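The sequence lines fix the lettering, A, B, ..., with proteins before strands; numbering per chain opens at 1. Because the structure is predicted, anything quoted here is derived from the model rather than measured.
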Amino acid sequence: KAGVTQTPRYLIKTRGQQVTLSCSPISGHRSVSWYQQTPGQGLQFLFEYFSETQRNKGNFPGRFSGRQFSNSRSEMNVSTLELGDSALYLCASSLGTGTYNSPLHFGNGTRLTVT
Amino acid sequence: KNQVEQSPQSLIILEGKNCTLQCNYTVSPFSNLRWYKQDTGRGPVSLTIMTFSENTKSNGRYTATLDADTKQSSLHITASQLSDSASYICVPSSGGYNKLIFGAGTRLAVHP
């Protein structure tokens, strides 16, 4: 089975721009969650989608948004980029939103640099 | 406040040696505790998941222990290999994915 695929791997954007990141989950996985990883804050939860619905949201401003398509693929959008948004953005998939004792399968992330 | 502390922050060991990484947490209510391995520039990979009723769980040369009473967990690596060089992240949870509390990780370097 193919793993979680995130595209692109690297992005360089300018302050004020917006960016869209993509995540394709493992086949059969219906839950996709997104995380931000920075050296100072570690991994932080952004949001989770299941069956095209946002189920949970972390403590991030409204500039961070996402969506999930009927094939479970997900996109994350960040508008009005700030320097502090520079981070590794990870997506993870799992079987379902209720299976909290099952492992998360992470992609290798998108490294976003905001200049 | 839900918190997790991992120690040591970093560790250097020689290939073939054993090591133990520690994790103390204050998460309530407690649902499960995960250990992840993250290679530089890659996403985390799940090593173990333990619920409150499990004391120990192994995955090859990795053995995790959990003491839900003292809110402590450890990850023991046996006969280390160069490929074990990575960050190891402890993640206690009180339920859903929005309740995962990620530790800062222990950075392990295995030298030949």
Members of residues 70-83 of chain A whose heavy atoms come closer than 4.5 Å to chain B: none
Taking side chain as everything from C-beta outward and backbone as N, CA, C, O, which of these in A:Leu88 sits under 4.5 Å from a heavy atom of chain B? Side chain, backbone, both or neither. side chain
Under 4.5 Å, counting heavy-atom pairs only, tell me which of A:Arg9, A:Gln41, A:Gln37 racks up the most with chain B. A:Gln37
Mind checking whether A:Phe45 and A:Tyr89 sit in one hydrophobic cluster, side chains of I, L, V, M, F, W, Y counted as touching below 4.5 Å? no
Could you tell me which portion of A:Gln6 (side chain, backbone, both or neither) has an atom closer than 4.5 angstrom to a non-hydrogen atom of chain B? neither
Rounded distance (nearest 0.5 Å) linking atom CD1 of B:Ile101 with atom CD of A:Gln44: 10.0 Å
A quick test of your reading: do over 12 heavy atoms of other residues, nucleotides or ligands sit less than 6.0 Å from CZ of A:Arg15? no
Quick one: which of B:Gly41, B:Pro44, B:Ser46 has the most heavy-atom pairs under 4.5 Å with chain A, could you say? B:Pro44
CZ/A:Phe69: more than 12 non-hydrogen atoms of other groups inside 6.0 Å: yes
Spell out, yes or no, whether B:Tyr36 and B:Met50 are grouped together once hydrophobic residues are joined by side-chain heavy atoms under 4.5 Å, including indirect joins. no
Report which part of A:Phe47 has an atom under 4.5 Å of a heavy atom belonging to chain B: side chain, backbone, both, or neither. neither
Is it possible for you to say whether B:Trp35 and B:Val4 belong to one hydrophobic cluster, with membership spreading through side-chain heavy-atom contacts below 4.5 Å? yes
The criterion is side chain to side chain contact (heavy atoms under 4.5 Å, CB included); which residues satisfy it with B:Pro112, sequence neighbours excluded? B:Glu15, B:Leu82
Tell me whether B:Leu75 shares a hydrophobic cluster with B:Leu66, the cluster being built from Ile, Leu, Val, Met, Phe, Trp, Tyr side chains joined at under 4.5 Å. yes
Suppose we screen for salt bridge (charged side-chain N to carboxylate O under 4.0 Å, His left out). Which residues come up paired with B:Lys57, at least two apart in sequence or across chains? B:Glu54
When you group the ILVMFWY residues by side-chain heavy-atom contacts below 4.5 Å and let the links chain together, are B:Ile89 and B:Leu11 in the same group? no
Let me check something: any side-chain donor-acceptor pairs from residues 103-115 of chain A under 3.5 Å, sequence neighbours excluded? List them with distances.
| residue | atom | partner | partner atom | Å |
| --- | --- | --- | --- | --- |
| A:Asn108 | OD1 | B:Gly43 | N | 3.0 |
| A:Thr110 | OG1 | A:Pro8 | O | 2.5 |
| A:Thr115 | OG1 | A:Lys13 | O | 3.4 |

Do the side chains of A:Leu90 and B:Gln38 get nearer than 4.5 Å, heavy atoms only? yes
Ring centroids only, cut at 6.0 angstrom: are A:Tyr35 and B:Phe102 within range, meaning strictly under it? yes
